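It should be emphasised that the depicted structure is a prediction, and the values quoted were computed from it without experimental measurement. Indexing begins at 1, ligand by ligand and atom by atom, following the structure's order.
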Amino acid sequence: MLQTAHLGRLAHLQGDPNRVHDALEVIEDGALLLDANGVIVLAGAREAILKAAPLANRVDHGAAWLLPGLVDGHVHFPQFYATAAAGTGLLDWLNRSIFPAEKALADPGAAAPLASRFVRRLLRSGTTTAAVFGSQFLPANAALFEAAAVGGLRLIAGATLMDHGAPEDLLQTPEQAYAQCKQLIEEYAAQPLLHYAVTPRFALSCSEAMLETCGALLKEFPQVYLHTHINESPGEIEAVGRTFPWARHYLDVYARFGLLGERTILAHSIHSGAPELTHMAEARCAVCHCPGSNLFLGSGLFPLRAHQRHGLRVAVGTDVGAGTHFSVWNELSECYKVQQLQGHTLGVAELLYLGTLGGAEALGLAAQTGNFAPGKSGDFIVLATEGDAYLAERLRRCDSLEDQLFCLIHLAGPCHMKAVYAGGREVSA
Ligand SMILES: [Zn+2]
């Protein structure tokens, strides 16, 4: 079978740098060997790989970096054109800017091209795996799954579910929600690259009957995910307390309806208390940190260390439209700054981990993607600084390749991603 060797400067994580010594592997003259199906055979020193596979096709990326495809743990498809929207905080922003924008996807004629633009935008930004809040409308969600399958994006997505607290035309009854989820699960969840997530927007937009329906779907379809928001803003948390007076805390609302488990992705978790973190960890939930969004909405500073101390898996998400860019790469720089404000300095290994292998582990997809281990999908980005004279000069002043990578996290972006590959196929063209 014909193999392909991609030549370049390799960097990836071999494990969680907080647990594994020297987890960041950087190889200056590296090669990534893929089989004919785009599966990674080997990654390592160029000379050794070319010796082992002398007949392999060669794609020489010159001095470019080859890095694992990025994992976006939380992003909203219907908010594609709702970035940089007005609002004084989460609840005001939702009512004023977001709900009106999400209505546009009721029109299937508008939703289908939007889905393909959304998927292409993620891929071009280096994201090869994403957990996505879908539309309220079934045809728009079908278009999203189709666009991901065609484009080559590994996707976890589901219909955004609400039955109150939003404009009438964005609401579904629990029965309608069940029917849409079941149809999408049966149609798409068994396809390669595609996964379904039951997606109640948050506790405030779901009645107890809707949350019960979500729990019932998880029981009926154990392979699906649960994706929702938690503890994003103080105003939201207060309102949850008023709406669910029996709940000891926000997480209790989701726990009561059986929504917590290993495939549960909780976005934000900025203000979660110790009892909630303990409960999340016992239930083996994953958390998604969205630093750009948290800064934009003024939601707060994510306590990464507290989550790590509780042993929680943490992904990073762009949370577009509250996030203002589509690239997880840019989010890593925001993530660094949010931790700096709390007195924690993240190293380059930890940053890259959060955007790649850590994200894949959080989403339960680390057997498929996240680093260059043999057997995983050939998901990688080609990051090149040629044509950027400032960046090239800045990198020349670095003492090591690790320093260069640190600079790139803060100074590079999607415009430096020369190519993005998913499953060994270029998907950024
Ligand atoms: Zn969100």
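In this structure, H76 has its ring center under 6.0 Å from that of H74. Residues F326 and F80 bring their aromatic ring centres within 6.0 Å. Taking the six-membered ring where the residue is Trp, the centroids of F380 and H12 are separated by 6.0 Å or more.
Identified under the ring-ring contact (aromatic ring centres under 6.0 Å, His included) test for residues 156-180, with sequence neighbours left out: none.
F137 meets the ring pair (Phe, Tyr, Trp, His ring centres under 6.0 Å) test with no other residue; sequence neighbours excluded.
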Can you give each donor-acceptor pair under 3.5 Å made by side-chain atoms of residues 354-367, sequence neighbours left out, with the distance rounded to 0.1 Å?
from: T356; atom 1: OG1; to: L352; atom 2: O; distance (Å): 2.6
from: E361; atom 1: OE1; to: Y353; atom 2: OH; distance (Å): 2.5

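Around the Zn ion (ligand 1), protein atoms of type N, O or S found under 2.8 Å number 4.
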